[in-house]
There are 2 protein chains.
Amino acid sequence: MTIGDWTERFHGTRSLPRPVRDRLLASARVARYARGQTVFSPDNRPDNLLFLVEGTLRVSQTAESGREIVLYRVEAGESCVLTTACMLAEEAYNAEGLAETALVAVALSQQTFDLLAAEEPAFRKFVFAAYSRRLLDLLHVVDEVAFGRIDVRLAARLLALAGPAVEVSATHDDLARELGTAREVVSRVLQDFQKRGLVSQARGRVRLLSRESLTRIAASD
Amino acid sequence: MTIGDWTERFHGTRSLPRPVRDRLLASARVARYARGQTVFSPDNRPDNLLFLVEGTLRVSQTAESGREIVLYRVEAGESCVLTTACMLAEEAYNAEGLAETALVAVALSQQTFDLLAAEEPAFRKFVFAAYSRRLLDLLHVVDEVAFGRIDVRLAARLLALAGPAVEVSATHDDLARELGTAREVVSRVLQDFQKRGLVSQARGRVRLLSRESLTRIAASD
DNA sequence: CCGACTTCAGTGACATTGTCACTCTGCGTT
DNA sequence: AACGCAGAGTGACAATGTCACTGAAGTCGG
């Protein structure tokens with residue numbers, strides 16, 4: 001299966017002149033990952049820049065204790081800068097990238113990347129914007145974790161994970177990993193939400209009964 | 001007072017050819033900030049890239065509640081990418097940069113910055129490395145805040161703030177702002193440290209009596 | 001030097017969150 | 001049906017954050 005002209009899909013490449021794009025199409029490698037596969041981790045750092053064409057990549061951080069927190073998600077059309085960041089800073093880090101769905105990505109080699117960054121202002125801007133986005137994402141995480149209440153964060157996360165759907169398919173443990181807290185804590189808060197009629201629960205699923213109330217709780221952020 | 005050939009002081013500019021450096025020296029503006037001055041804040045974003053020639057810039061984030069946490073410090077020879085990040089991402093953020101000492105910085109305009117990024121691989125590398133460093137700094141903050149114990153963090157911070165000195169000049173409130181916690185919490189932990197003979201206290205100052213023990217505590221990270 | 005003020009630190013009661021050691025339950029497997 | 005296991009519930013306790021204070025240490029004008 002081919003993915004066609006992926007240069008069409010990125011702000012950073014869409015506006016490049018035809019010859020450059022052709023060169024890109026020729027030189028870049030298409031990488032695929034199965035759902036659930038680890039894209040990068042502390043002991044497995046890919047040495048090229050990833051552009052996500054399809055799917056969602058979940059980036060999280062894990063403590064020695066085993067507790068985990070989701071830092072952000074990379075969606076189609078975005079690039080994953082964290083691995084490059086680590087290459088450049090040459091420092092250990094404990095973030096991990098997991099394919100939340102099946103992924104199709106374009107991998108640019110270090111040289112191609114640098115060449116593009118040198119020659120194409122649009123591409124440069126795209127990459128800097130990608131870095132910026134992640135910086136701001138992390139600022140937001142710090143803010144939430146350092147100053148936010150757990151019920152507020154859970155309500156917000158449930159709404160985000162549900163999207164347009166009425167149900168979230170996640171265990172209490174999954175939700176705890178989203179927020180960087182413990183399963184018991186999620187259980188308690190969901191219990192409370194349930195008593196107040198905001199959600200109903202089944203094994204591995206949470207149904208949102210009152211989006212409105214949840215939104216209100218999430219907004220006391 | 002002049003600051004001489006500052007291009008000598010940055011990895012990103014040191015290796016540039018003479019003509020480029022001369023152009024830089026001519027076009028860049030030297031900015032000075034007094035100790036305690038706000039360099040940037042949510043409602044005052046400078047529109048250029050800052051290179052710190054002298055001094056220390058403290059970057060922190062403040063919650064609506066008023067609680068604050070120090071995200072990282074920018075030292076001489078480093079660049080402050082956060083403001084540029086926000087320009088590019090065009091999003092609100094609540095980080096603030098404060099001159100911890102008197103600062104001397106070089107401000108590059110957007111255009112000069114882009115020009116350099118286009119033409120000079122060394123400069124490009126420097127800037128990407130700067131972004132990367134901050135990303136990793138923030139990963140570390142998230143890790144600490146989400147998973148770390150307060151006594152461990154305080155011990156580490158005391159040692160870091162002291163440097164080679166035996167005393168830290170900071171109120172409990174200052175220390176709380178460093179860690180993103182409340183003054184009372186710092187008081188309690190310092191009280192405990194004091195009882196164990198690790199520190200002694202005076203108004204606005206903490207003297208480190210046993211670096212060794214503090215290091216041991218900080219290491220249970 | 002005195003008293004008024006302000007900043008800094010200490011304290012106890014209580015709320016929230018995290019940890020531990022369980023139990024119980026739903027659901028598939030054999 | 002019996003078993004095994006992941007998911008969820010629970011109570012006790014520890015750690016941290018919040019609130020409302022008190023008291024102590026510097027500062028300043030007179």
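Since this is a predicted model, take the numbers as computed values, not measurements. Numbers restart at 1 for each chain; the letters A, B, ... are given by sequence-line order, proteins then strands.
- At least one side-chain heavy atom of A/Leu50 sits under 4.5 Å from a side-chain heavy atom of A/Val39.
- With ring centers used as reference points, B/Phe10 lies 6.0 Å or more from B/Phe123.
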Enumerate donor-acceptor pairs with a distance under 3.5 Å from any side-chain N or O in residues 137-147 of chain B to protein atoms, sequence neighbours excluded.
residue	atom	partner	partner atom	Å
B/Asp137	OD1	B/Arg133	NH1	3.1
B/Asp137	OD2	B/Arg134	NH1	2.8
B/Asp143	OD1	A/Asn94	ND2	3.4

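- Between B/His172 and C/dG10 there is a side-chain N or O to OP1 or OP2 distance below 4.0 Å.
- Using a 4.0 Å heavy-atom cutoff across all strands shown, B/Ala146 reaches no nucleic acid atom at all.
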Without placing hydrogens or testing angles, list every side-chain donor-acceptor pair under 3.5 Å for residues 190-200 of chain A, not counting sequence neighbours.
residue	atom	partner	partner atom	Å
A/Asp192	OD2	A/Arg196	NH1	3.1
A/Gln194	OE1	A/Gln201	NE2	3.4

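- Residue A/Phe147 contributes atom CZ, which lies 17 Å from atom C1' of C/dT17 at whole-angstrom precision.
- Regarding contacts with the backbone of C/dA9, every side-chain N or O of B/Gln191 stays at 4.0 angstrom or more from both OP1 and OP2.
- Shown here are the side chain to side chain contact (heavy atoms under 4.5 Å, CB included) partners of B/Arg9, two or more places apart in sequence or in another chain: B/Val53, B/Glu54.
- Put simply, CG on B/Leu190 is 13 Å from P on C/dT11, counting in whole angstrom units.
- Across all strands, A/Arg188 comes closer than 4.0 Å to base atoms (heavy-atom distances).
- Comment: A/Glu8 does not engage A/Arg14 in a salt bridge, judged by the lack of any side-chain N to carboxylate O separation of less than 4.0 angstrom.
- Taking A/Glu64 as the reference, nothing meets the side chain to side chain contact (heavy atoms under 4.5 Å, CB included) condition, with sequence neighbours excluded.
- Under the 4.5 Å side-chain criterion, counting only non-hydrogen atoms from C-beta, A/Arg73 is in contact with A/Glu100.
- The shortest distance between the side-chain N/O atoms of A/Arg67 and the OP1/OP2 oxygens of C/dT19 is below 4.0 Å.
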Can you build the contact string for nucleotides 21-30 of chain C? Use B for base contact, S for sugar-phosphate-only contact, and - for no protein heavy atom under 4.0 Å. B----BS---
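- Following rounding to the nearest Å, A/Asp192 (CG) and C/dT16 (C1') show an atom-to-atom distance of 12 Å.
- For A/Thr181 and C/dG18, the shortest distance from a side-chain N or O to OP1 or OP2 is below 4.0 Å.
- Between the side chains of A/Thr38 and A/Ser41, not a single donor N or O lies within less than 3.5 Å of an accepting N or O.
- If you walk DNA chain D from 5' to 3' and mark each nucleotide with an atom closer than 4.0 Å to a heavy atom of chain B, the marks span D/dA15 to D/dG26.
- Atom P of nucleotide C/dT19 and atom CG of A/Asp173 are separated by 13 Å, given to the nearest angstrom.
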